[in-house]
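For reference, the structure discussed in these notes is given below.
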Amino acid sequence: MSGTVRLPDVLPITSKNIDYLNKITVPDLSQEISNSKTSIQESTIALLSSTSTYPEEKVKQLEEMYKELLRLEEKQKFLSSKLIELKAEYKEQSADLPRLDLENWNHYLNNDYNLTNIRKKWIELQSEEVEINKKDQWLRVFYALPYIWSDPSRVIPYDPLENNNNTEEEEDIKVDGGVIDLNCPVSLKKFNLPMISLKCFHTFDDASLKELFRPSKTIECPTPGCGKVLTTKDFTEDKLMRIRVLISDLRKQ
């Protein structure tokens, strides 16, 4: 008479299989995600350049596609980090456990050793929600577009790059109107390659910054009253200012 043998769900990793465990990784989609984000950015610029009326629905579609890529990007980082933790935990737990035999069969069957079930944990992690990077520069652009389309120099009511604690709704009632200068405050010329400081959020043209940094590796922010000490590493391209200038140029055509 034959019966069904129930196998343990989890067993300790052996030295022979440790290399196999180490080779298990999350597929790296970073390049594909980066290329897709660039494609959406270029499509948005082309769309804005091809119309005289604000293409609200199409911009919204591009924004949702972009947010989905940001979610995928964060999910990949999250899963990669968790997989490393799971493998380390599993190897540590396995180190002092006995090999499976008839004497400890039931212990493994009931998981009395509390071994991590990587497969079960991995399935659970797939459903975990992740927060997208709300300070992404193109999220900032998508948020601002409905405000700056008719007036590229308009102050937006909420800036996700600058605001850490206030919500979008709180900021909406604080700002009404205002003007953003589309000229570099140093050269007084229209921005060509705007660069924003992530320390103080003041924007200068790249050519002006090169001149300012020529004699020194650090500068004091040229904006009156700021005083922040800055290095070249504090700056990144100001995507929003770039779009402001683009819309301003389109208005003059």
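Fair warning: this is a prediction, and the values are worked out from it, not measured in the lab.
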List in chain and number order the residues that pass salt bridge (charged side-chain N to carboxylate O under 4.0 Å, His left out) with Lys87, two or more places apart in sequence or in another chain; answer none if no residue qualifies.
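Scan of Lys87 (salt bridge (charged side-chain N to carboxylate O under 4.0 Å, His left out), adjacent residues dropped) gives none.
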List for me each residue that meets salt bridge (charged side-chain N to carboxylate O under 4.0 Å, His left out) alongside Glu57, sequence neighbours excluded, and say none if there are none.
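Applying salt bridge (charged side-chain N to carboxylate O under 4.0 Å, His left out) to Glu57 gives none.
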Verify, without hydrogens or angle tests, whether [X] (side chain) and [Y] (backbone) share a donor-acceptor contact under 3.5 angstrom.
| X | Y | answer |
| --- | --- | --- |
| Gln137 | Lys239 | yes |
| Ser80 | Lys77 | no |
| Thr44 | Ile40 | yes |
| Thr116 | Ile118 | no |
| Thr223 | Cys226 | no |

So, taking the atom named [atom1] in [X] and the one named [atom2] in [Y], what distance separates them when rounded to the nearest 0.5 Å?
| X | Y | atom1 | atom2 | value |
| --- | --- | --- | --- | --- |
| Asn183 | Ser187 | CG | OG | 7.5 Å |
| Lys82 | Glu89 | NZ | CD | 10.0 Å |
| Leu145 | Leu48 | CG | CG | 5.5 Å |
| Lys75 | Glu129 | NZ | CD | 6.5 Å |
| Arg244 | Asp181 | CZ | CG | 11.0 Å |
| Ile45 | Gln41 | CD1 | CD | 7.5 Å |

Which pairs count as salt bridge (Lys or Arg N to Asp or Glu O under 4.0 Å) when at least one residue sits in [range], sequence neighbours excluded?
| range | answer |
| --- | --- |
| residues 212-228 | Glu211-Arg214 |
| residues 30-43 | Lys37-Glu73 |
| residues 91-110 | none |
| residues 183-192 | Lys190-Asp249 |

Report the relative orientation of the aromatic rings in Tyr66 and Phe142; use parallel for angles under 30°, tilted for 30 to 60°, perpendicular for over 60°.
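Tyr66 vs Phe142 ring planes: tilted.
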Under the rule for side chain to side chain contact (heavy atoms under 4.5 Å, CB included), what residues qualify as partners of [X], not counting sequence neighbours?
| X | result |
| --- | --- |
| Glu56 | Tyr54 |
| Ser81 | Glu85 |
| Glu128 | Phe78, Leu125 |
| Gln126 | Leu79, Trp122 |

Does the Lys NZ or Arg CZ of Arg251 fall within the cation-pi geometry relative to Trp149 - under 6.0 Å from the ring centre and within 45° of the axis?
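Judged by the rule, Arg251 and Trp149 form a cation-pi pair.
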Hey, does Tyr143 have a side-chain heavy atom less than 4.5 Å from the side chain of Pro157?
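The answer is yes; the side chains approach within 4.5 Å.
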Using the side-chain contact (heavy atoms from CB on, under 4.5 Å) rule, pick out the option among Asp151, Ile148, Val155 that qualifies with Ile180.
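Only match with Ile180 under side-chain contact (heavy atoms from CB on, under 4.5 Å): Val155.
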Crowded around Arg242 CZ? As in, over 12 foreign heavy atoms under 6.0 Å?
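Check fails, neighbour count at 12 or below.
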With clusters built from Ile, Leu, Val, Met, Phe, Trp and Tyr whose side-chain heavy atoms come within less than 4.5 Å, directly or transitively, what are the remaining members of the cluster of Leu193, listed by chain and number?
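Its cluster partners, ordered by chain and number, are Val186, Met195, Phe204, Leu209, Leu212, Phe213, Ile219, Leu230, Phe235.
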Sequence neighbours left out, cut at 3.5 Å: what donor-acceptor pairs do the side chains of residues 6-19 make with other protein atoms?
| residue | atom | partner | partner atom | Å |
| --- | --- | --- | --- | --- |
| Thr14 | OG1 | Asn17 | ND2 | 3.2 |

Decide, yes or no, whether a salt bridge links Arg140 with Asp238 under the criterion of side-chain N to carboxylate O below 4.0 Å.
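Answer for the salt bridge query: yes.
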